[in-house]
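Owing to the predicted nature of the structure, the values given are computational and were not obtained by experimental measurement.
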Amino acid sequence: MQRSGGIVGNSGQPWVLRRVRLTWLSFMLFFILVFFPLIAHYYLTTIDEAGGPDKRIFGPRPGGELCEAKHVQDLCRIRESVSEELLQLEAKRQELNGEIARLNLRIEACKRSIDSAKQDLLQLKNVISQTEHSYKELMAQNQPKLSLPVRLLPDKDDPGYPPPKSAQNCRLHTCFDYARCPLTSGFPVYVYDIGSYPWGEKLDPLVKQAFASSVKSSVYVTDNPNIACLYIVLVGEIQESPSSPPASPLDLEKQLKALPYWRLDGHNHLLVHLSRKSLTQNFLYNVSTGRAAVAQSTFFERQYREGFDMVVSPLVHALSEPNFLEVPPQVPVKRKYLFTFQGEKVESLRSSLLEAPPQSFEEEMEGDPPADYDDRIIGTLKAVQDSHLDQVLVEFTCKNQPKPTLPTEWALCGEREDRLEVLKVSTFALVISPGDGQLVASAGCSMRLFEALEVGAIPVVLGDHSKLPYHHLIRWSEAVIMVPKPRITELHFLLRSISDNDLLAMRRQGRFLWETYFSTSESIFSTILASIRTSIQIPAAPIREEPAQEIPHKAGKLAGTDANMADNGDLDLGPVEVEPPYASPRFLRNFTYTAADVYRTWNRAPGPFHLFPHTPLDPVLPSEAKFLGSGTGFRPIGGGSGGSGKEFQAALGGNIPREQFTVVMLTYEREEVLMNSLERLNGLPYLNKVVVVWNSPKPPSDDLLWPDIGLPIVVVRTEKNSLNNRFLPWDAVETEAILSIDDDAHLRHDEIMFGFRVWREARDRIVGFPGRFHAWDVNHQSWLYNSNYSCELSMVLTGAAFFHKYYAYLYSYVMPQAIRDMVDEYINCEDIAMNFLVSHITRKPPIKVTSRWTFRCPGCPQALSHDDSHFHERHKCINFFVKVYGYMPLLYTQFRVDSVLFKTRLPHDKTKCFKFI
């Protein structure tokens, strides 16, 4: 019991001790945690109070002295900066809230304005719709609907209208059936087969061959006689043969009436007799041709029907083409002989050569006029020759046997080559009409006229009763001097009184007439058709355009706008039109032009319409039928106010106030240069499209990406590498204005725009930038090409120039082929050839714009013009072209065009305009 109790007692004593120790430990911890901080606080407070306010350590300090501590200064600055930013952000927030409120108000106002504008637009659409409807109603009331006339096809058994009572009364309105030739018919012509009528085998073989070649090349000839407007029968020249004498007039009438489409009276038929000799059989004399017209070189007065029959030129060059290089030049104006005449007429020699010496001029004028003027002519001309006042050559007796001729007509002497050599040194060539006044036209006189015009001798026709070829349409007074025979005594005075300028103008006009109407069989046949077509007022067939074989290409990214291209420099052009592409008006059938401009069409030598063979007669260009009527000489409406650049330039086109141009760019295997040039055209105003003439036989690279300039780019494949391809009249060109530009030309947009506006005021000229001139080399007696800086110019390079599409037709189809061959031979001079052509036609120099003298871009590959032989070839080209034209057509000018505000600084709110200065 004790052991157990002892055990319990012993074990409980340590537990109590441990409990006491824990209690004591807890008390001590409580004292330390509670009373020790209080004592420390008290102690520290007592120390601060005992040390005074200046020696306090933990107490608050006055004046923010706490911030003077280095480690706290940065925190203070951050606090102040944040406070300022917060204040600024709050102010900005309030400002933005105000701006948002204002914008909301403006949005609401714009919405109300849009709603109002929509209502106004709807009202305007309704007004426009009502106006268009009213306009259509007025048009329907005042202008009836027109349709093409019903085509009257000829009937084989149609007797036609009764012929006039007398053959001399036959005129177009009485003997020609207009119903078979509607204005829209195209003037179809049926030519009888030469072997289909009896006398066809008797025709001269050369005449038949030349006529067949001309018929084959005509655009009017048709093989369908049922739709023909005109029927042509070749009746001469008949080859003389003793075994087969010509048919009698009665037999010939029967043969004519036997033609399948003669229809009893031969209306709408033309009997063509082409002469190759001075003595031509007039076998249609005393033959009743009914209502058929006759075209030949010889007519008697009682046979010729004025306004119906036609006097044509002889067929001298039957098959051979005239050699332009053998034609003498048109300068110098005055030649060795003042005038020449070689001929013989037996009837007039017996009374003139066997009598006493001729009288003086005073005695001739005081005497009585002789009965036979030919005797008076012989005496007067011999007196002029013997006086030695001027060097003349007159021969009234042929050294060899004279050519056969008609009675009372002066026979030709010698061979054609010998006569031409005399005429080449003659200023004037006398053509004495037959003594018989009844012979109004003869092949002999036409032959003399032809030879004189061919070599540049101005014809002087003695006898005002003679009828020259196509006299009803050609104004012969511009190329021929017509003198009545009674004025033979005044002939010398008359010829000496003509100035050199008039002589050169007449010689140039004569050259034009010879080339256009007489030189070849094709020109003669075309002239015959054109004469009838013009008389019945049917428009000519449009000249063909060059079909553009487009090369497919891929367009790349949108081209950017070069800042240098958009810089206007010193040119202030005023407002700019930016409109989608649109083509120029086309005149495929301009009947007004055909009816109103007959004489201007047939008699323009160096004029803006016609110059070379076939030009004035057949082609009416699809895009140009009123060439001079569009803008030339135009003055702005309302000139009293002035200063309105927009209205001024908008009216420059005359009848074409809205107009654009086409860029034609020639390139050859320079893809990078080409792409850069195309990109520079991006954003160019007035541009319709770009036609790239790919002159290389290799196609463009397959991976080549073409720039997207927002306008069509047409890449045209050419048949051969030729610089003449630059001026082909591509059908892809739908505007009258063409900007011919090289692929390395570097022009600003404002320069191009200004050049285009200037061209619209001078549509018949070449308007460009770099100028060149020609000069005469005294030492070598030849022409030189010069590109030095000069105060005058005569050419504008077509590497950057505007011209009318009309000249592309003339260059490609009308200009002599020898010039284009020269360009292909040298691969050069196409720009010189175009300047020659335009100056020859207009007799005006080109127009240079701005002060630019070159246009090559820096860093581009070397061009053909950098070759050493480039200038030598151009010297040769100029001299060759002068031989072809017969004279130097280029004209000098010191005229240059700049903006009227060039170098003038004005405020931007002022109106800009331009004009010539």
Side-chain angles (χ1 to χ4, degrees), residues 328 332-403 405 408-415 418-435 444-445 447-449 451-452 455-463 466 480-498 500 503 506-507:
V333 177
K334 293 181 179 178
R335 299 176 177 176
K336 177 180 179 181
Y337 296 109
L338 178 64
F339 61 83
T340 58
F341 178 81
Q342 292 176 308
E344 181 175 335
K345 190 172 74 167
V346 178
E347 290 81 357
S348 61
L349 292 180
R350 289 177 297 186
S351 60
S352 299
L353 300 181
L354 300 180
E355 293 181 355
Q359 299 174 333
S360 63
F361 281 110
E362 291 78 6
E363 293 174 344
E364 288 283 348
M365 295 180 66
E366 292 176 358
D368 296 331
D372 186 2
Y373 284 113
D374 288 354
D375 294 340
R376 182 70 171 271
I377 291 173
I378 294 174
T380 304
L381 296 182
K382 289 181 65 178
V384 175
Q385 185 179 26
D386 296 339
S387 66
H388 302 291
L389 296 176
D390 285 293
Q391 193 170 1
V392 300
L393 174 63
V394 289
E395 296 178 356
F396 301 107
T397 304
C398 296
K399 299 178 182 178
N400 300 321
Q401 184 68 25
K403 301 295 181 182
T405 184
T408 73
E409 187 178 16
W410 289 88
L412 296 172
C413 295
E415 299 298 328
D418 298 332
R419 297 193 300 270
L420 291 180
E421 290 300 323
V422 175
L423 292 175
K424 288 179 181 179
V425 293
S426 305
T427 305
F428 298 96
L430 300 185
V431 180
I432 305 177
S433 59
C445 289
M447 194 74 69
R448 290 181 182 273
L449 178 68
E451 294 176 353
V455 296
I458 301 175
V460 180
V461 180
L462 295 177
S466 297
V480 175
I481 300 176
M482 303 286 292
V483 180
K485 286 186 177 181
R487 293 195 178 275
I488 183 59
T489 57
E490 301 174 292
L491 179 64
H492 185 226
F493 166 77
L494 175 63
L495 300 183
R496 288 288 301 272
S497 65
I498 302 177
D500 291 351
L503 291 178
M506 296 183 70
R507 184 173 294 165

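Glu421 is linked by a side chain to side chain contact (heavy atoms under 4.5 Å, CB included) to Lys424, counting only residues two or more places apart in sequence or in another chain. With sequence neighbours excluded, the residues forming a salt bridge (Lys or Arg N to Asp or Glu O under 4.0 Å) with Arg419 are Glu451, listed by chain and number. Remark: Leu494 engages Ile481, Val483, Ser497 in a side chain to side chain contact (heavy atoms under 4.5 Å, CB included) (not counting sequence neighbours). In terms of the side chain to side chain contact (heavy atoms under 4.5 Å, CB included) criterion, residue partners of Ser433 (sequence neighbours excluded) are, by chain and number, His465, Ser466, Lys485. When the side chain to side chain donor-acceptor pair (under 3.5 Å) test is applied to Thr405, the partners found at least two apart in sequence or on another chain are Glu409. With sequence neighbours excluded, the residues forming a side chain to side chain donor-acceptor pair (under 3.5 Å) with Asp390 are His492, Arg496, listed by chain and number. Partners of Gln391 according to the side chain to side chain donor-acceptor pair (under 3.5 Å) rule, which considers only residues two or more places apart in sequence or in another chain, do not exist here.
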task = Carefully, step by step, assess Leu430 and Val461 under the rule side-chain contact (heavy atoms from CB on, under 4.5 Å).
result = CA-CA 6 Å; Leu430 300 185; Val461 180; over 6 Å; no

key: CA sep, side-chain torsions, deciding dist, call: Lys399, Glu344, side-chain contact (heavy atoms from CB on, under 4.5 Å)   = CA-CA 10 Å; Lys399 299 178 182 178; Glu344 181 175 335; over 6 Å; no

query = Does the pair Leu449 and Val480 meet the rule for a side-chain contact (heavy atoms from CB on, under 4.5 Å), with working shown?
reply = CA-CA 9 Å; Leu449 178 68; Val480 175; 4.0 Å; yes

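A 4.5 Å side-chain heavy-atom check between Leu503 and Ile458 finds at least one atom pair inside the cut-off. Between Phe428 and Leu495, some side-chain heavy-atom pair lies under the 4.5 Å cut-off.
Sorted by first and then second residue, the pairs that involve residues 334-343 and meet salt bridge (Lys or Arg N to Asp or Glu O under 4.0 Å), not counting sequence neighbours, are Lys334-Asp500.
Taking the six-membered ring for Trp and thresholds of 30 and 60 degrees, Trp410 and Phe341 have ring planes more than 60 degrees apart, a perpendicular arrangement.
Atom CG of residue Leu393 and atom CD of residue Glu395 lie 4.5 Å apart, to the nearest 0.5 angstrom. The CD atom of Gln342 sits 11.0 Å away from atom CZ of Phe396, with the distance rounded to the nearest 0.5 Å. Considering CG of Leu338 and CG of Leu389, their distance stands at 10.5 Å, rounded to 0.5 Å. How far CG of Leu462 is from CZ of Arg376: 13.0 Å, rounded to the nearest 0.5 Å. Separation of atoms OG1 (Thr380) and CD (Gln385) is listed at 13.0 Å; rounding is to 0.5 Å.
Ser387 and Val384 get closest at one heavy-atom pair: OG-O, 2.7 Å. Pro402 and Ala411 get closest at one heavy-atom pair: CB-CB, 3.8 Å.
Checked against Val460 for a side chain to side chain contact (heavy atoms under 4.5 Å, CB included), the options Val431, Leu491, Ile432, Thr427 give a single hit: Leu491.
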